[in-house]
Visitor: 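Starting off with a structure, shown below.
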Protein chains: 2
Amino acid sequence: MIVSKKSKYAMRAVFSLAKRFGESPVKIADIAEEQSIPPRFLEVILSQLKQGGFVDSRRGSEGGYYMVTPPDQLSVGKILRFFDALKEPVECMGDNPKEKCDLKANCVFMPLWENLSAAISGVFDSTTFQDLILKEKEKKECGAKSLFYVI
Amino acid sequence: MIVSKKSKYAMRAVFSLAKRFGESPVKIADIAEEQSIPPRFLEVILSQLKQGGFVDSRRGSEGGYYMVTPPDQLSVGKILRFFDALKEPVECMGDNPKEKCDLKANCVFMPLWENLSAAISGVFDSTTFQDLILKEKEKKECGAKSLFYVI
DNA sequence: ACCATGTCAATAAACTTAGTCGAGAAGGAG
DNA sequence: CTCCTTCTCGACTAAGTTTATTGACATGGT
């Protein structure tokens, strides 16, 4: 898959924390349970998110993790890129390609990879976590309305 | 990467055969050399392409592989999808998801995965191997022109 | 002092990717 | 009919990546 399990966990964790932006810290164990993420794996993930400057933490009782970046200023793309999930579509692209290719500019496939790369970025960079939070609220409301009308 | 080495080998092999559509069979060894693909790996790939009905083969001397599908009727997407390289962006999507998710329709991330899936398909389904062949010809002409003007 | 929590580095199991190998089957030329 | 050439098939291996798990440690609050 393009988006690994780990990256999805990261997104869910960030989503969870983003909803509580400005509130008191949330324990790893709580996020893990809420989002069904293996707690000790989440530990690793949150630690990386902290390294990335997206979240911060406090130890001791009443400790936990909390959002640093406001949800409306954090795109999904930033998280995915940080977790290296938004890699180049092929190894021969980028400034420092793993797989070297002599063709480069003359490769007939290159425009394809470039379009792909742009299309993917387009999708992820245009959605912030604030958007997702709003979407969830909408869904809940629609769900309620739906229940009302269905009967 | 989204597109594995194997899938890229497959694309190059198909590209190579597509250029000779209607001509006599090409030996694995020749394609391998022309496209810098490990011969015995290419063997596996071509055999799968045959299974998929994209190419056919003949044994014995003067044998080899040849294109069945005309280049203008074969999109890049068809090959990538066949090689499972164009998987769903996440495991929880599709009709028969590997990773089951209770949220499904209510998942806030789902629209993201759907947009992504559509964007990727859009890129790959809109290019045929005929397009690539034409592009290569253009590039060669431009290259010649360029040489002419540069001096 | 103690307990609750985050922190860190190492490790392991499962899976995927990339590639290899040897023996065999089928077509064509002589 | 026999030999050579080429494809065919299935198993195998090596390396890398992903998905965690573990135990010992550090730190903050009461």
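Quantities reported herein were computed from a predicted structural model and do not represent experimental measurements. Numbers restart at 1 for each chain; the letters A, B, ... are given by sequence-line order, proteins then strands.
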Visitor: Sequence neighbours left out, what passes side-chain hydrogen bond (donor to acceptor under 3.5 Å, both in side chains) with A:Glu114? Give chain and number order.
Guide: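 Counting only residues at least two positions away or on another chain, A:Glu114 forms no side-chain hydrogen bond (donor to acceptor under 3.5 Å, both in side chains).
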Visitor: Among residues 22-33 of chain B, which contact DNA chain C at a heavy-atom distance under 4.0 Å?
Guide: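 Of all residues in residues 22-33 of chain B, none places a heavy atom under 4.0 Å from DNA chain C.
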Visitor: Got a list of protein N/O to nucleotides 12-15 of chain D N/O distances below 3.5 Å?
Guide:
none

Visitor: According to salt bridge (Lys or Arg N to Asp or Glu O under 4.0 Å), who are the partners of A:Lys19, at least two apart in sequence or on a separate chain?
Guide: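 For A:Lys19 the salt bridge (Lys or Arg N to Asp or Glu O under 4.0 Å) partners, ignoring immediate neighbours, are A:Glu136.
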Visitor: Atom CE in A:Met67, atom OG in A:Ser16: separation rounded to 0.5 Å?
Guide: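 Between A:Met67 CE and A:Ser16 OG, I get 10.0 Å after rounding to 0.5 Å.
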Visitor: Please check the phosphate of D:dC7 (OP1 and OP2 only) for any side-chain N or O of B:Tyr66 closer than 4.0 Å.
Guide: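 No.
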Visitor: Please check: side-chain N/O of A:Ser126 versus main-chain N/O of A:Val123, any donor-acceptor pairing under 3.5 Å?
Guide: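 Looks like yes, one N/O pair under 3.5 Å.
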Visitor: Excluding sequence neighbours, so at least two apart, what forms side-chain hydrogen bond (donor to acceptor under 3.5 Å, both in side chains) with B:Asn115?
Guide: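 So B:Asn115 forms no side-chain hydrogen bond (donor to acceptor under 3.5 Å, both in side chains) with any residue.
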Visitor: When the distance from CZ of B:Phe83 to P of C:dA18 is rounded to whole Å, what number comes out?
Guide: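 It works out to 12 Å between those atoms.
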Visitor: Under the side-chain contact (heavy atoms from CB on, under 4.5 Å) test against B:Leu46, which residue among B:Val14, B:Ile37, B:Ile28, B:Val26 passes?
Guide: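 Considering B:Val14, B:Ile37, B:Ile28, B:Val26, a side-chain contact (heavy atoms from CB on, under 4.5 Å) with B:Leu46 is found only for B:Ile28.
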Visitor: First locate atom OG of A:Ser117, then atom CG of A:Leu112, and finally report the distance between them rounded to the nearest 0.5 Å.
Guide: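 Atom-to-atom, A:Ser117:OG and A:Leu112:CG are 11.5 Å apart.
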Visitor: Give me each pair satisfying salt bridge (Lys or Arg N to Asp or Glu O under 4.0 Å) with a member in residues 20-33 of chain A, each pair once, sequence neighbours excluded.
Guide: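 Residue pairs passing salt bridge (Lys or Arg N to Asp or Glu O under 4.0 Å), neighbours aside: A:Arg20-A:Glu34.
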Visitor: What bend angle does the helix from C:dA1-D:dT30 to C:dG30-D:dC1 show across its length, from five-pair end axes and to the nearest 10 degrees?
Guide: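 The end-segment axes of the helix from C:dA1-D:dT30 to C:dG30-D:dC1 are tilted 10° relative to each other.
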Visitor: How many whole angstroms separate atom CD of A:Glu91 from atom C1' of C:dT16?
Guide: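 In whole Å, C:dT16 C1' and A:Glu91 CD are 13 Å from each other.
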Visitor: Mind calculating the distance between CE (B:Met1) and P (C:dT17) to the nearest angstrom?
Guide: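 B:Met1 atom CE is separated from C:dT17 atom P by 8 Å.
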Visitor: Within the structure, does a side-chain N or O atom of A:Tyr9 lie under 4.0 Å from either OP1 or OP2 of D:dA20?
Guide: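 The answer is yes; a side-chain N or O of A:Tyr9 sits under 4.0 Å from OP1 or OP2.
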Visitor: How many whole angstroms separate atom NZ of A:Lys8 from atom P of D:dA20?
Guide: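 Rounded to whole Å, this separation is 11 Å.
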Visitor: Going by the salt bridge (Lys or Arg N to Asp or Glu O under 4.0 Å) test, which pairs reach into residues 52-80 of chain B, not counting sequence neighbours?
Guide: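 Non-adjacent pairs meeting salt bridge (Lys or Arg N to Asp or Glu O under 4.0 Å): B:Lys50-B:Asp56.
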Visitor: Which pair of non-hydrogen atoms, one from A:Ala10 and one from A:Leu49, has the smallest distance, and what is that distance?
Guide: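 Distance-wise, the nearest heavy atoms are O-CD1, 4.3 Å.
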Visitor: Run the side-chain contact (heavy atoms from CB on, under 4.5 Å) test against B:Pro111 and tell me which residues pass, sequence neighbours left out.
Guide: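 By the side-chain contact (heavy atoms from CB on, under 4.5 Å) rule, B:Pro111 matches A:Lys135.
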Visitor: Is there any ring-ring contact (aromatic ring centres under 6.0 Å, His included) pair reaching into residues 43-81 of chain B, and which pairs are they, with sequence neighbours excluded?
Guide: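 Found B:Phe54-B:Phe82.
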Visitor: Nearest 0.5 Å, what's the CG-CD distance between A:Asp131 and A:Glu138?
Guide: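 The distance works out to 10.0 Å.
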Visitor: Among residues 35-57 of chain B, which ones have heavy-atom contacts with DNA chain D below 4.0 Å?
Guide: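 Within this stretch, B:Arg40, B:Glu43, B:Lys50, B:Ser57 sit under 4.0 Å of the strand.
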Visitor: Base contacts versus sugar-phosphate-only contacts with protein, heavy atoms under 4.0 Å: please encode nucleotides 25-30 of chain C as B, S and - from 5' to 3'.
Guide: BSB---
Visitor: Once you round it to whole Å, what is the distance between P of C:dG6 and CG of A:Leu17?
Guide: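 Distance check: A:Leu17 CG to C:dG6 P gives 11 Å.
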